[in-house]
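Lettering of chains follows the sequences in order, A, B, ..., and the numbering in each one begins at 1. In what follows, every heavy atom counts, from backbone to side chain, and hydrogens, waters and symmetry copies are set aside. If you're wondering where the values come from, they're calculated on a predicted model, not measured in any experiment.
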Amino acid sequence: MSFEFSTSTIDGEQLKQSLMSPYCGGYSSFEGWVRDHNEGHSVSKLEYEAYEALAVKEGECILQEAIDKFDIKEASCVHRVGALDIGDMAVWVGVSAAHRDAAFKACRYIIDQVKVRVPIWKKEHYLDGDSGWVNCEH
Amino acid sequence: MSFEFSTSTIDGEQLKQSLMSPYCGGYSSFEGWVRDHNEGHSVSKLEYEAYEALAVKEGECILQEAIDKFDIKEASCVHRVGALDIGDMAVWVGVSAAHRDAAFKACRYIIDQVKVRVPIWKKEHYLDGDSGWVNCEH
Amino acid sequence: MKSIKIEYYALFREQAGLSNEEIQTDAQNVDALYKELKSRHGFSMCSTQLRVAVNEEFKDWSSDLEDGDSIVFIPPVAGG
Amino acid sequence: MKSIKIEYYALFREQAGLSNEEIQTDAQNVDALYKELKSRHGFSMCSTQLRVAVNEEFKDWSSDLEDGDSIVFIPPVAGG
């Protein structure tokens with residue numbers, strides 16, 4: 001179980017290795033990619049910033065909740081910080097379990113909770129030259 | 001959109017490339033791994049066999065259903081045939097979408113339907129020397 | 001007499017000792033063909049447990065058998 | 001007077017023009033501290049939109065401010 005930040009490209013295949021076990025029959029993963037649009041605006045690039053000390057605590061708390069709620073074996077999450085381009089992977093979640101139902105539900109739980117609870121902020125830069133911190137401005 | 005069989009190791013990272021698009025913000029994938037146990041038996045290895053001509057048609061039908069039912073961009077599935085060892089990836093599903101809700105739901109729909117509809121059979125070999133076609137014997 | 005091709009997969013392949021065969025039969029429909037082959041090869045499963053494909057399409061067991069048809073009996077599946 | 005460390009992230013960092021600062025204050029609780037800093041730096045958000053962390057833990061806005069506390073104001077998050 002680990003929640004981490006990365007300043008470089010996330011390697012989901014590598015991270016998956018630590019979740020594998022002969023006990024596991026199902027693996028669910030989620031990747032969030034930087035889209036070229038958001039709420040009607042054309043996005044050119046973006047920046048993520050995190051309050052890492054608290055974010056890691058809160059992220060680990062979410063992973064532990066997933067392990068307690070669902071019958072899973074392992075779960076991890078990595079989030080990018082810094083400047084990202086369209087198509088870059090912003091966040092990765094991986095969950096292994098004996099059966100697929102728990103793997104899917106836990107993976108979904110983790111990304112949903114990370115998005116609403118973990119202190120990470122996103123600044124979008126738009127093609128029209130404007131920019132803004134998502135959920136904080138306008 | 002493609003449903004395929006493979007006689008060698010499935011490369012999910014490679015397959016993912018064909019699903020990526022600047023329009024997509026979410027990617028859900030599922031991998032089924034060969035477990036060391038099933039219904040109380042210790043499994044040593046297994047074999048998958050498929051009626052490929054019909055299985056590909058049925059698999060493509062499932063992918064099209066997922067595209068029609070959920071707001072997703074692309075979906076693919078690859079299933080192994082032949083002899084597999086514990087820990088090997090037996091099946092891979094990948095789905096890209098603008099938003100994660102559709103990606104998760106479509107990915108789950110595809111693996112659920114593949115398991116109940118596509119003509120693929122699994123012979124398990126057990127540590128005690130016994131073996132059997134799952135769902136067909138005993 | 002009709003000439004019918006049958007492909008065998010998984011448990012059927014093992015129980016028939018064959019991957020495929022071409023037979024001559026008077027069976028009117030697919031269900032009757034299965035009964036004939038079940039008896040000949042000693043298949044353990046009943047048609048109620050199975051699906052059947054005719055010329056690469058899933059079909060009803062009551063489907064008429066036509067000369068030249070290709071048949072595959074589909075045991076309970078176990079992919080994934 | 002208490003000595004309080006504040007770290008600024010995201011929109012706060014930009015609006016304050018600072019990543020962190022250490023200030024002297026008479027503010028009794030965290031909410032009073034935010035009002036003081038909102039006025040000084042011209043922050044656009046109200047505390048009702050925010051969460052706050054004291055010494056790396058989420059805390060209530062009514063929490064007493066102690067000498068030496070480290071404070072982070074948490075704007076609406078947008079991870080993922």
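For A:Lys123, the NZ atom is densely surrounded, since the number of other residues' heavy atoms within 6.0 Å is greater than 12. The environment of NZ in A:Lys57 is crowded: more than 12 heavy-atom neighbours from other residues, nucleotides or ligands sit within 6.0 Å. Other residues, nucleotides and ligands contribute over 12 non-hydrogen atoms within 6.0 Å of the NZ atom of A:Lys122.
Residues of residues 67-90 of chain A placed with any heavy atom under 4.5 Å of a heavy atom in chain B are listed by number as A:Ile86, A:Gly87, A:Met89.
When all heavy atoms are compared, the tightest approach of B:Cys24 to A:Trp33 is O-CB, 3.6 Å. Minimum heavy-atom separation, A:Arg108 to B:Phe104: CD-CD1, 3.3 Å.
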Margin query: The test is side-chain contact (heavy atoms from CB on, under 4.5 Å); show your working for B:Tyr27 and A:Phe30 and say whether it passes.
Written below: CA-CA 6 Å; B:Tyr27 171 74; A:Phe30 176 79; 5.7 Å; no

Next item on the list: Evaluate side-chain contact (heavy atoms from CB on, under 4.5 Å) for A:Arg35 paired with B:His99, printing each intermediate quantity in order.
Entry: CA-CA 10 Å; A:Arg35 278 188 303 157; B:His99 299 286; 3.4 Å; yes

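Annotation: maximal heavy-atom pairing with chain B below 4.5 Å, among A:Ala103, A:Ser29, A:Gly94, occurs at A:Ser29. Among A:Gly12, A:Gly32, A:Ala98, the residue with the largest count of heavy-atom pairs under 4.5 Å with chain B is A:Ala98. Per-residue counts of heavy-atom pairs under 4.5 Å with chain B were compared for A:Gly25, A:Ser21, A:Ser96; the largest is that of A:Gly25.
Atom NZ of residue A:Lys115 and atom CZ of residue B:Arg100 lie 4.5 Å apart, to the nearest 0.5 angstrom. The CD1 atom of A:Ile111 sits 12.5 Å away from the CG atom of B:Asp101 when rounded to the nearest 0.5 Å. Taking CG from A:Asp11 and CD from B:Glu13, the interatomic distance works out to 7.0 Å, rounded to the nearest 0.5 Å.
Neither the backbone nor the side chain of A:Asn38 has a heavy atom closer than 4.5 Å to any heavy atom of chain B.
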